[in-house]
Amino acid sequence: LENDQVWEATHDDGVNMWIGFTDKEHEGDWKWSDSSSGYVYKHWDENEPDGGDSENCAFIHIETGAWRDTNCLDKHTFVCKREPDEEGGESHPTTPGGDPACRGYDGVWREDESTGMCYQVIETELNWDEAREECRYRGGWERGGDLASINSFQEQLFLHTWLTTI
């Protein structure tokens with residue numbers, strides 16, 4: 001019974017997914033890990049962020065689409081983001097297909113046609129730093145990858161709509 005309670009407390013069945021929003025450098029100064037956007041779009045849940053010094057990383061709650069802050073050492077599934085292929089993306093024989101502009105990298109990537117960016121959901125639960133490293137690996141050393149940044153309402157809408165259908 002105690003093990004079940006510990007499991008439930010530390011695993012969220014993919015309901016919460018890391019995004020690349022953090023205030024690890026300066027408390028209260030939230031920034032995207034990929035350094036995108038001078039204007040920071042925000043979609044915090046009511047009464048969030050609420051964690052002070054102990055909760056410095058953000059996740060998107062799949063059911064509501066709202067963001068919440070939590071401890072960076074918590075383990076969640078996550079969403080990666082990267083630039084599209086410039087040549088339209090040639091799929092490698094060992095790489096599953098995906099949207100044409102997003103092929104050629106590890107796993108299946110989905111394109112947001114309004115931004116042209118590519119996204120991938122990783123169902124392995126990792127802490128925030130581990131998730132970010134995995135996104136960098138999956139995005140490829142040339143083009144890079146990072147935890148997803150959400151820089152507009154349209155991007156937020158795309159991700160929330162897509163994630164609720166997975």
Checklist line | Shared hydrophobic cluster, Y137 / F78 (ILVMFWY, side-chain heavy atoms < 4.5 Å) | finding: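 No; F78 is not reachable from Y137 via cluster members.
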Next item on the list: Examine I150 and W162 and state if one hydrophobic cluster contains both, with Ile, Leu, Val, Met, Phe, Trp and Tyr joined whenever side-chain heavy atoms are less than 4.5 Å apart.
Entry: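 Yes.
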For residues [X] and [Y], determine if any side-chain heavy atom of one lies less than 4.5 Å from a side-chain heavy atom of the other.
{"X": "L126", "Y": "E133", "value": "no"}
{"X": "C80", "Y": "W109", "value": "yes"}
{"X": "N56", "Y": "D23", "value": "yes"}
{"X": "R110", "Y": "Q120", "value": "no"}

Would you confirm whether [X], through its side chain, and [Y], through its main-chain N or O, come within 3.5 Å as a donor-acceptor pair?
{"X": "W30", "Y": "C57", "value": "no"}
{"X": "T161", "Y": "F158", "value": "no"}
{"X": "D69", "Y": "G51", "value": "yes"}

Any chance you could measure [X], atom [atom1], to [Y], atom [atom2], to the nearest 0.5 Å?
{"X": "R138", "Y": "I122", "atom1": "CZ", "atom2": "CD1", "value": "3.5 Å"}
{"X": "N16", "Y": "I62", "atom1": "CG", "atom2": "CD1", "value": "7.5 Å"}
{"X": "T70", "Y": "W128", "atom1": "OG1", "atom2": "CH2", "value": "13.5 Å"}
{"X": "K81", "Y": "C102", "atom1": "NZ", "atom2": "SG", "value": "11.5 Å"}
{"X": "H61", "Y": "H43", "atom1": "NE2", "atom2": "NE2", "value": "12.0 Å"}
{"X": "M17", "Y": "L163", "atom1": "CE", "atom2": "CG", "value": "5.5 Å"}

Next item on the list: Answer yes if the ring centres of F21 and W32 are under 6.0 angstrom apart, and no otherwise.
Entry: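 Ring centres of W32 and F21 closer than 6.0 Å.
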Notebook entry, point to check: Could you go step by step and tell me if M117 and E111 meet the side-chain contact (heavy atoms from CB on, under 4.5 Å) rule?
Noted result: CA-CA 6 Å; M117 299 302 286; E111 181 182 12; over 6 Å; no
So which atom in [X] and which in [Y] form the shortest heavy-atom distance, rounded to 0.1 Å?
{"X": "W18", "Y": "A131", "result": "CD1-CB, 3.9 Å"}
{"X": "S36", "Y": "S149", "result": "OG-OG, 3.2 Å"}
{"X": "W44", "Y": "A58", "result": "CH2-CB, 4.0 Å"}

Item checked: Step-by-step side-chain contact (heavy atoms from CB on, under 4.5 Å) determination, E155 to Y119 -> CA-CA 11 Å; E155 200 169 8; Y119 300 87; 2.2 Å; yes
Next item on the list: Please determine, by modelled atom types, if Y41 and Q154 share a side-chain donor-acceptor pair under 3.5 angstrom.
Entry: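 Absent: no donor and acceptor within the cut-off.
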Notebook entry, point to check: Do Q156 and W67 have side-chain atoms, one donor and one acceptor, less than 3.5 Å apart?
Noted result: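 On atom types as modelled, these side chains qualify, holding a pair under 3.5 Å.
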Checklist line | For D146, all residues meeting side chain to side chain contact (heavy atoms under 4.5 Å, CB included), sequence neighbours excluded | finding: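 For D146 the side chain to side chain contact (heavy atoms under 4.5 Å, CB included) partners, ignoring immediate neighbours, are S33, D34, R132.
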Note to self: Assess whether a salt bridge exists between R68 and E55, defined as any Lys/Arg side-chain N lying under 4.0 Å from an Asp/Glu carboxylate O.
What the structure shows: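 Not counted as a salt bridge, because no side-chain N and carboxylate O are separated by less than 4.0 Å.
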